[in-house]
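Ligands are counted one by one from 1 in listed order, and the atoms in each one are counted from 1 as well.
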Amino acid sequence: MTKKQTIFSAIQPSGELHIGNYLGALKNFVELQDKYDCFFFIADYHSISGEYNPKEKSKQIFDLALDFLAIGLDPQKCTIAVQSQIPEHTELAWIFNTVTPLAELQRMTQFKDKSQNQDQNINMGLLDYPVLQAADILIYKAYGVPVGQDQIQHIELTRKIARFFNNKFGETFPEPKDLITKTPKIMSLIDPTKKMSKSHGKKSCIGINDEPEMIKKKMRKAVSTTEYNEDIYSFYASLLENFGTEKNKKYFLEQFKNKDIKFSELKDALAEDISNHFKDFREKRKELEKDPEKVKNILSEGAEKARVIAKKTMREVKEKVGVIMG
Ligand code: AMP
């Protein structure tokens, strides 16, 4: 039997997941677990480079584990683990720091955006984030990384870091591909020129765990227009494509074609379709929440499995770098 190729991706535990995270990443995770050897991580060390409350972090980690499991990630098929539980990730990141030019990190658009959003806390972690991300991916020698569009630049840098390392120390790491979904960038509910993001506030996002009433409320407050507007039209078209029932798709796409959309009607229909799409997820999540021990066990078993590979890669890296005495 040929060995399955490895997939790695991670999400930060930094608040509720939104439908952008779902369409850009999570939905793809669920599909990939059947075909590949998948590692899906909760990137807690990444998340502490942003503003956060330490008292809330462990709940955020637990909540993200619930999201992973309730959406359909199956620990029998894939490895689910928490980044900080495998210290080899940060160890490898240090070694990668020594082959990564500072200028590569300074030009990252996410670093620039985040520095603007938290201008009183431009910490080294914010700058070094893509190096730790490269270590996360390369420690498992991943072939592919399912991510949203905002991460493509980081994956490109991961490939460069693999090259920098290989050139200096000999062929060790593969150059991973980004695996993009057909909707790699969902826009904000209140400003369709910006991506949907937790950092733009809850009003800009529909949470995958939002109750139907909340979804309806947020949808009703979402942008609309009396004249044709490309950004607004394509925003609603992408929601319809991904969540609409066949009947609603047919009915509203006709309105789109005629450039005559009845927004109040469309928004209520979409709210209902999105709520229904995540109905099973919400129920499964509530069930799982009652059994925190089960969730914690899944995470520790995942960490154990991941650590075996991470240790093996680190041993190889240390030998190549010359820090193991013969
Ligand atoms: P993060 O919150 O940065 O950990 O993002 C988790 C995953 O969701 C990453 O793969 C992102 O690329 C993806 N993602 C975040 N926001 C969006 C969005 N608005 N549309 C599509 N994908 C997104």
Side-chain angles (χ1 to χ4, degrees), residues 7-32 38-52 57 60-61 63-65 67-68 71 73 80-84 89 108-114 117-118 125-126 129-130 132-134 136-137 142 144-158 176-210 218 222-223 231 234-239 241-243 274:
I7 296 288
F8 179 93
S9 194
I11 296 187
Q12 297 185 63
S14 51
E16 291 157 19
L17 291 187
H18 52 69
I19 55 172
N21 300 129
Y22 172 72
L23 293 176
L26 215 46
K27 188 170 177 233
N28 213 1
F29 294 3
V30 180
E31 285 159 20
L32 291 165
C38 291
F39 292 79
F40 296 122
F41 267 61
I42 295 175
D44 53 347
Y45 272 168
H46 279 295
S47 72
I48 63 170
S49 63
E51 298 290 353
Y52 79 104
K57 191 49 72 187
Q60 288 178 328
I61 295 169
D63 282 348
L64 186 53
D67 290 334
F68 275 9
I71 207 75
L73 294 186
I80 303 170
V82 180
Q83 183 186 34
S84 66
H89 287 224
M108 292 291 110
T109 38
Q110 253 198 28
F111 170 65
K112 291 181 196 160
D113 289 350
K114 286 187 176 173
N117 284 346
Q118 55 184 73
L126 217 51
Y129 185 111
L132 179 56
Q133 189 173 359
D136 295 338
I137 297 165
V145 192
V147 282
Q149 196 170 352
D150 56 355
Q151 289 293 334
I152 290 180
Q153 199 184 29
H154 288 174
I155 310 305
E156 210 173 272
L157 181 61
T158 298
K177 292 181 200 313
D178 41 65
L179 304 174
I180 298 290
T181 61
K182 71 175 178 7
T183 315
K185 189 177 186 184
I186 277 280
M187 308 313 272
S188 153
L189 284 181
I190 50 177
D191 180 354
T193 62
K194 295 205 176 97
K195 71 163 184 173
M196 185 175 284
S197 165
K198 292 169 229 179
S199 58
H200 299 142
K202 286 194 174 176
K203 271 193 255 165
S204 72
C205 308
I206 289 180
I208 61 171
N209 198 31
D210 279 349
K218 285 180 179 171
V223 280
D231 291 327
S234 57
F235 168 67
Y236 284 105
S238 70
L239 291 183
E241 274 301 316
N242 282 292
F243 299 111
I274 295 173

Novice: Counting heavy atoms not belonging to Lys198, are there more than 12 under 6.0 Å from its NZ?
Specialist: yes
Novice: Tell me whether Asn21 contacts the main-chain N or O of His18 through its side chain, where contact means a donor paired with an acceptor under 3.5 Å.
Specialist: yes
Novice: Is a side-chain donor or acceptor of Asp231 paired with a backbone partner of Pro192 at a separation under 3.5 angstrom?
Specialist: no
Novice: Just to confirm my output: which protein heavy-atom neighbour is closest to atom 11 (C) of ligand 1, and how far is it?
Specialist: Asp150 OD1, 3.3 Å
Novice: I need the nearest protein heavy-atom contact for atom 5 (O) of ligand 1: residue, atom name and distance, please.
Specialist: Asn21 ND2, 3.6 Å
Novice: Which ligand 1 atoms, with their elements, are less than 4.0 angstrom from a heavy-atom of Val147?
Specialist: 10 (O)
Novice: With respect to Gly20, determine whether any N or O atom, backbone or side chain, lies less than 3.5 Å from an N or O atom of ligand 1.
Specialist: yes
Novice: I'd like to know if the side chain of Ser47 reaches the main chain of Ser14, judged simply by a donor and an acceptor atom lying under 3.5 Å from each other, with no hydrogens or angles considered.
Specialist: no
Novice: Tell me, yes or no, whether the heavy-atom count around Glu16 atom CD, taken from other residues, nucleotides or ligands under 6.0 Å, exceeds 12.
Specialist: no
Novice: Of all the atoms in ligand 1, which lie at a distance below 4.0 Å from a heavy atom belonging to Ile11?
Specialist: 4 (O), 6 (C)
Novice: At what distance is the nearest protein heavy atom to atom 20 (N) of ligand 1, and which residue and atom is it?
Specialist: Ile186 N, 2.8 Å
Novice: Between Gln149 and ligand 1, is there a nitrogen or oxygen pair with a distance under 3.5 Å?
Specialist: no
Novice: To check your reading of the model: name the closest protein heavy atom to atom 4 (O) of ligand 1, its residue, and the distance in Å.
Specialist: Gln12 N, 3.0 Å
Novice: Kindly give the heavy-atom pair with the smallest separation between Ser204 and Ser197, and that separation in Å.
Specialist: OG-O, 3.4 Å
Novice: Determine whether any heavy atom of His46 lies closer than 4.0 Å to an atom of ligand 1.
Specialist: no
Novice: For atom 10 (O) of ligand 1, what's the nearest protein heavy atom and its distance?
Specialist: Gly148 N, 3.2 Å
Novice: Quick check on Pro184 - does any of its heavy atoms sit under 4.0 Å from an atom of ligand 1?
Specialist: yes
Novice: Which protein non-hydrogen atom lies closest to atom 2 (O) of ligand 1, naming both residue and atom, and how far is it?
Specialist: Lys198 NZ, 3.5 Å
Novice: Using modelled atom types only, decide if a donor and an acceptor are shared between the side chain of Gln153 and the backbone of Met108 within a distance under 3.5 Å.
Specialist: no
Novice: Give the atom numbers and elements of ligand 1 that come within less than 4.0 Å of a heavy atom of Lys185.
Specialist: 20 (N), 21 (C)
Novice: Once the angle between the rings of Phe29 and Phe68 is folded into 0 to 90°, is it parallel (under 30°), tilted (30 to 60°) or perpendicular (over 60°)?
Specialist: perpendicular
Novice: Taking the side chain from Lys203 and the backbone from Leu189, do they hold a donor-acceptor pair closer than 3.5 Å?
Specialist: no
Novice: Check each atom of ligand 1 against the heavy atoms of Gln151 and keep those under 4.0 Å away; list them by number with element.
Specialist: 12 (O)
Novice: Using a 3.5 Å distance criterion without hydrogens, assess whether the side chain of Thr158 forms a donor-acceptor pair with backbone atoms of His154.
Specialist: yes
Novice: Just which atoms of ligand 1 are under 4.0 Å from any heavy atom in Met196?
Specialist: 16 (N), 18 (C), 19 (N)
Novice: Heavy atom of Met187 under 4.0 Å from ligand 1?
Specialist: no
